[in-house]
Amino acid sequence: MKNILFGFLLLAVTFSAQAQDKKNKNAKIDIDVNGNCELCKKRIEKAAFSVSGVKWAVWNIETHQLNLILNEVKASLLDVKKAVAKVGHDTDEVKATDEEYDNLHGCCKYERNK
């Protein structure tokens with residue numbers, strides 16, 4: 001009897017642990033991305049859309065917020081941040097290299113926090 005009870009308990013723990021790892025297919029996420037202008041907007045949004053799983057991406061010039069709808073099954077938020085940094089724009093977690101930043105157009109160069 002103890003073995004059966006232990007088996008059910010183990011089964012319940014296994015299923016509850018798997019349920020916690022469920023990824024959202026329509027996660028709504030906002031992140032800060034540094035930039036200045038319409039050129040930045042186009043570049044940032046294009047970089048975000050280059051990541052498989054990004055369904056919607058709009059960057060606001062005034063607030064510097066990138067609003068995303070992301071399928072977390074296909075990609076992570078870190079993947080998006082890396083793609084944006086690769087085109088020269090810093091995020092809270094991933095910074096563009098100096099070389100990537102230097103390749104930005106003059107009007108796109110924002111004040112960097114190092």
Answer yes or no: is there a side-chain heavy-atom contact under 4.5 Å between [X] and [Y]?
{"X": "Glu72", "Y": "Ile29", "value": "yes"}
{"X": "Leu104", "Y": "Tyr110", "value": "yes"}
{"X": "Cys108", "Y": "Arg43", "value": "yes"}
{"X": "Val33", "Y": "His64", "value": "no"}

Donor-acceptor under 3.5 Å ([X] side chain, [Y] main chain):
{"X": "Asn103", "Y": "Glu100", "value": "no"}
{"X": "Lys95", "Y": "Arg112", "value": "no"}
{"X": "His89", "Y": "Asn34", "value": "yes"}
{"X": "Asp90", "Y": "Ala96", "value": "yes"}
{"X": "Asn36", "Y": "Lys109", "value": "yes"}

Where is the tightest heavy-atom contact between [X] and [Y], given as atom of each residue plus distance?
{"X": "Val51", "Y": "Ala83", "result": "CG2-CB, 3.6 Å"}
{"X": "Val87", "Y": "Ala47", "result": "CG2-CB, 3.8 Å"}
{"X": "Leu68", "Y": "Asp30", "result": "N-OD1, 4.5 Å"}
{"X": "Leu39", "Y": "Cys107", "result": "CD1-SG, 3.9 Å"}
{"X": "Ala48", "Y": "Val54", "result": "O-CG2, 3.1 Å"}
{"X": "Ala85", "Y": "Val94", "result": "CB-CG1, 3.5 Å"}

[X], [Y]: one ILVMFWY side-chain cluster at the under-4.5 Å cut-off?
{"X": "Ile31", "Y": "Ile44", "value": "yes"}
{"X": "Val73", "Y": "Phe49", "value": "no"}
{"X": "Ile61", "Y": "Leu66", "value": "yes"}

Fill in: Lys/Arg-Asp/Glu bridge criterion (N-O < 4.0 Å) met for Lys41, Glu45
yes
Discussion item. Could you check whether atom NZ of Lys74 has more than 12 heavy atoms from other residues, nucleotides or ligands sitting under 6.0 Å from it?
Written reply: no
Item to complete: Determine, step by step, whether Glu93 and Leu77 satisfy the side-chain contact (heavy atoms from CB on, under 4.5 Å) criterion, reporting the C-alpha distance in whole Å, the side-chain angles of both residues, the deciding distance to 0.1 Å, and the verdict.
Response: CA-CA 10 Å; Glu93 196 173 355; Leu77 181 57; 5.8 Å; no
Worksheet entry | Rounded distance (nearest 0.5 Å) linking atom OG1 of Thr91 with atom CG of Asp32 | 9.0 Å
